[in-house]
Amino acid sequence: MSLSRLASSSSRSAIFLKPLSSAISLRRPISSDTTPITVETSVPFTSHHCEAPSRSVETNPKELLTFFRDMALMRRMEIAADSLYKAKLIRGFCHLYDGQEAVAVGMEAAITKKDCIITAYRDHCLFVGRGGTLLEVFAELMGRQAGCSRGKGGSMHFYKKDSNFYGGHGIVGAQVPLGCGLAFAQKYSKDETVTFALYGDGAANQGQLFEALNISALWDLPAILVCENNHYGMGTAEWRAAKSPAYYKRGDYVPGLKVDGMDAFAVKQACKFAKEHALKNGPIILEMDTYRYHGHSMSDPGSTYRTRDEISGVRQERDPIERIRKLILSHDLATEKELKDIEKEVRKEVDDAIAQAKESPMPEPSELFTNVHVKGLGAESFGADRKEIRATLP
């Protein structure tokens, strides 16, 4: 069942007659086999005011190999962003997601692009999961016109409206009320979709989160609050910041579920369960037990409030990519070499996107004044400092 077996010696010789880039492109693609495979989540779900979903999750070879490639791509992208930041090609804030990839990949596997996602500033991989390109990622990180926000948002402000990805927000916890507002619009429109509003354990004590959750529960909104608990709010351990770090229970009257956020299939099962619940009964909280390998941001070495042994221990025992690799090998869906080849392809894809992003120009100075006011509403700002307003009265 290996991926890259050539059909005949003639096809093999034909490859060698082509340029190297062409030969690489002829490598057999990821398996399209959809034969069902049942896997079990790493640990049981822990529930609050609801029945926990089954630990048995149905998948197939195509999904397993897609999970591996997508997470490998996200991991390589974030490592490359680290290097670009250190080379001063990325400026300002930059929060990396390596270690937490299973949340982005598992969530996407359970929902559709009609469902909404809104998150905080650790948003690069979620944007890619929604269908964003590597060029858009690196161009935005480097402040170039080809970026997803035209080079004006930077690391913390990625958006993809056509896939219902609403950011990318720099104010701690502020995205949660906005997400509940998206859920209100979905219920009003009766379109049978839900909103996933993601926040970290550092934002879990925000008052606005509880206010938004309260009104969502009152109105039975299809809002799913996802606490990505990586156990450190900046440099503060969860137990130092929260009297009750069982975040899935913090909704009190709202059901909750604790999920192994390092297991893509546990995330997939939980998000599928949460979507069904939210459409019928209103909001639910998912606590994703996950871990970030980098510091809070690029200005944080990440080793002053935790030990290097702790970080390496999580890498060895819970790494989300290695878990998928082991599943693929155990089901004989690919060889170790073929998985290494996928990682090499991913590395080249990232390098090519960076080179392309570097060619994109910086935004024109005039862009400073665009996308500030909505056009066509009868108001126009003008003058050297744009402080004078000309309005057309009705």
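Remember, it's a predicted structure, so these values are computed and weren't measured experimentally.
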| query | Quick check: are there more than 12 heavy atoms from other residues, nucleotides or ligands sitting under 6.0 Å from CD of E51? | reply | no
| How many angstroms lie between atom SG of C227 and atom CG of L286, to the nearest 0.5 angstrom? | 10.0 Å
| Derivation and outcome, side-chain hydrogen bond (donor to acceptor under 3.5 Å, both in side chains), residues E136 and T133 | CA-CA 5 Å; E136 289 174 310; T133 67; 3.2 Å; yes
| task | Pick out which of E343, E101, E322 makes a salt bridge (Lys or Arg N to Asp or Glu O under 4.0 Å) with R75. | result | E101
| task | Tell me, yes or no, whether the heavy-atom count around R55 atom CZ, taken from other residues, nucleotides or ligands under 6.0 Å, exceeds 12. | result | yes
| field | Non-hydrogen side-chain atoms of H277 and P255 separated by less than 4.5 Å | value | yes
| message | I'd like to know if R347 pairs up with D351 as an ion pair, taking the criterion as any Lys NZ or Arg NE/NH1/NH2 lying under 4.0 Å from an Asp or Glu carboxylate oxygen. | response | no
| message | If you define the side chain from C-beta out and look only at heavy atoms, does anything of C180 sit under 4.5 Å from L225? | response | yes
| message | Run S189 and D191 through side-chain hydrogen bond (donor to acceptor under 3.5 Å, both in side chains) and show every step you take. | response | CA-CA 5 Å; S189 301; D191 59 7; 4.9 Å; no
| field | Electrostatic pair D162-K160, nearest N-O below 4.0 angstrom | value | yes
| Residues two or more places apart in sequence or in another chain: which of them pass side-chain hydrogen bond (donor to acceptor under 3.5 Å, both in side chains) with E336? | R325
| task | Using the ring of Y97 (Phe, Tyr or Trp, six-membered ring only), decide whether R292 places NZ or CZ under 6.0 Å from its centre and within 45 degrees of its axis. | result | no
| field | Polar contact flag, side-chain donor to acceptor under 3.5 angstrom, N164-K114 | value | no
| query | If only atom types and distance count, is the side chain of S149 paired as donor or acceptor with the main-chain N or O of H157 below 3.5 Å? | reply | yes
| note | NE2 of H294 to CG of L96, rounded to nearest 0.5 Å, is 5.0 Å
| query | If you measure from the Lys or Arg side-chain nitrogens to the Asp or Glu carboxylate oxygens, is any gap between E345 and R76 under 4.0 Å? | reply | no
| Between E63 and K268, is the closest basic N to carboxylate O distance under 4.0 Å? | yes
| message | Let me check something: do I117 and V267 share a hydrophobic cluster, defined by ILVMFWY side-chain heavy atoms less than 4.5 Å apart, either directly or through other members? | response | yes
| Does Y232 have R306 sitting over its ring (NZ/CZ under 6.0 Å from centre, angle to axis within 45°)? | yes
| said: Please check if the number of heavy atoms outside F210 that lie under 6.0 Å from its CZ is greater than 12. | reply: yes
| task | Using a strict cut-off of less than 4.0 Å between a Lys/Arg side-chain nitrogen and an Asp/Glu carboxylate oxygen, indicate whether K275 and D115 qualify as a salt bridge. | result | yes
| field | hydrophobic_cluster_shared for M71 and V39, side chain cutoff 4.5 Å | value | yes
| S163 side chain to F165 main-chain N or O, any donor-acceptor pair under 3.5 Å? | no
| Are any of the side-chain nitrogens in R130 or D123 under 4.0 Å away from the carboxylate oxygens of its partner? | no
| task | Please check if L339 and F265 belong to a single hydrophobic cluster, counting links between Ile, Leu, Val, Met, Phe, Trp and Tyr side chain heavy atoms closer than 4.5 Å. | result | yes
| said: I'd like to know if K348 and D352 make a salt bridge, using a cut-off of under 4.0 Å between side-chain N and carboxylate O. | reply: yes
| Worked check of side chain to side chain contact (heavy atoms under 4.5 Å, CB included) between T38 and V57 | CA-CA 6 Å; T38 301; V57 187; over 6 Å; no
| Does atom CG of L329 have more than 12 heavy-atom neighbours from other groups under 6.0 Å away? | yes
| remark: Paired with H296, the ring pair (Phe, Tyr, Trp, His ring centres under 6.0 Å) test is passed by just one of Y121, F93, Y305, namely Y121
| request: Please confirm whether the backbone N or O of V226 pairs with a side-chain atom of E287, one donor and one acceptor, at under 3.5 Å? | output: no
| field | CA sep, side-chain torsions, deciding dist, call: F196, V194, side chain to side chain contact (heavy atoms under 4.5 Å, CB included) | value | CA-CA 7 Å; F196 288 80; V194 300; 3.6 Å; yes
| field | Side-chain (Q175) to main-chain (L198) donor-acceptor, under 3.5 angstrom | value | yes
| query | Near K113 NZ, under 6.0 Å, is it more than 12 heavy atoms from other residues, nucleotides or ligands? | reply | yes
| request: Please work out whether the ring planes of H48 and Y248 are parallel, tilted or perpendicular, with thresholds of 30° and 60°. | output: perpendicular
| query | What's the spacing between T119 OG1 and L178 CG if we round to 0.5 Å? | reply | 12.0 Å
| task | Could you give me the CA-CA distance, side-chain angles and deciding distance for M77 and L134, then say whether side chain to side chain contact (heavy atoms under 4.5 Å, CB included) is met? | result | CA-CA 8 Å; M77 178 185 76; L134 290 174; 3.6 Å; yes
| said: Using only atom types and a distance under 3.5 Å, with no angle test, would you say the side chain of S360 pairs donor to acceptor with the backbone of A146? | reply: yes
| Sidechain-backbone polar pair: R91 side chain, M142 backbone, donor-acceptor under 3.5 Å | no
| query | Do V137 and C148 touch side chain to side chain, with heavy atoms closer than 4.5 Å? | reply | no
| query | More than 12 heavy atoms of other residues, nucleotides or ligands under 6.0 Å from OH of Y188: is that the case? | reply | no
| task | Indicate yes or no for a side-chain donor-acceptor contact from K187 to the backbone of D220 under 3.5 Å, with no hydrogens or angles considered. | result | yes
| task | Could you state whether I111 and L257 fall into the same hydrophobic cluster, counting links through intermediate Ile, Leu, Val, Met, Phe, Trp or Tyr residues with side-chain heavy atoms under 4.5 angstrom apart? | result | yes
| said: Pair Q186, T193 - check side-chain hydrogen bond (donor to acceptor under 3.5 Å, both in side chains), show working. | reply: CA-CA 6 Å; Q186 289 168 322; T193 56; 3.1 Å; yes
| Do the side chains of R250 and N205 get nearer than 4.5 Å, heavy atoms only? | yes
| request: Calculate, to the nearest 0.5 Å, the distance between atoms CD and NZ belonging to E58 and K272 respectively. | output: 8.0 Å
| note | Smallest heavy-atom separation, F138 atom then A81 atom, equals CE2-N, 4.3 Å
| task | First locate atom CG of N230, then atom CE of M262, and finally report the distance between them rounded to the nearest 0.5 Å. | result | 10.0 Å
| message | Check the orientation of F127 and F158. Use parallel for under 30°, tilted for 30 to 60°, and perpendicular for over 60°. | response | perpendicular
| Within the 6.0 Å centroid threshold, strictly below: F273 and F45 | no
| E228 side chain vs Y199 backbone, donor-acceptor pair below 3.5 Å | no
| request: Report the distance from atom CG of L182 to atom CG of L221, rounding to the nearest 0.5 Å. | output: 11.0 Å
| request: Examine distances only and state if a side-chain atom of E140 and a backbone atom of G154 form a donor-acceptor pair shorter than 3.5 Å. | output: yes
| request: With side chain to side chain contact (heavy atoms under 4.5 Å, CB included) as the test, would you mind laying out the steps for R323 and D260 before giving the verdict? | output: CA-CA 12 Å; R323 282 181 169 177; D260 182 357; 2.8 Å; yes
| query | K258 and S47: side-chain hydrogen bond (donor to acceptor under 3.5 Å, both in side chains), yes or no, with the steps? | reply | CA-CA 6 Å; K258 185 173 183 179; S47 63; over 6 Å; no
| request: Find out if a path of hydrophobic residues (ILVMFWY) with successive side-chain heavy-atom gaps under 4.5 Å connects L209 to I284. | output: no
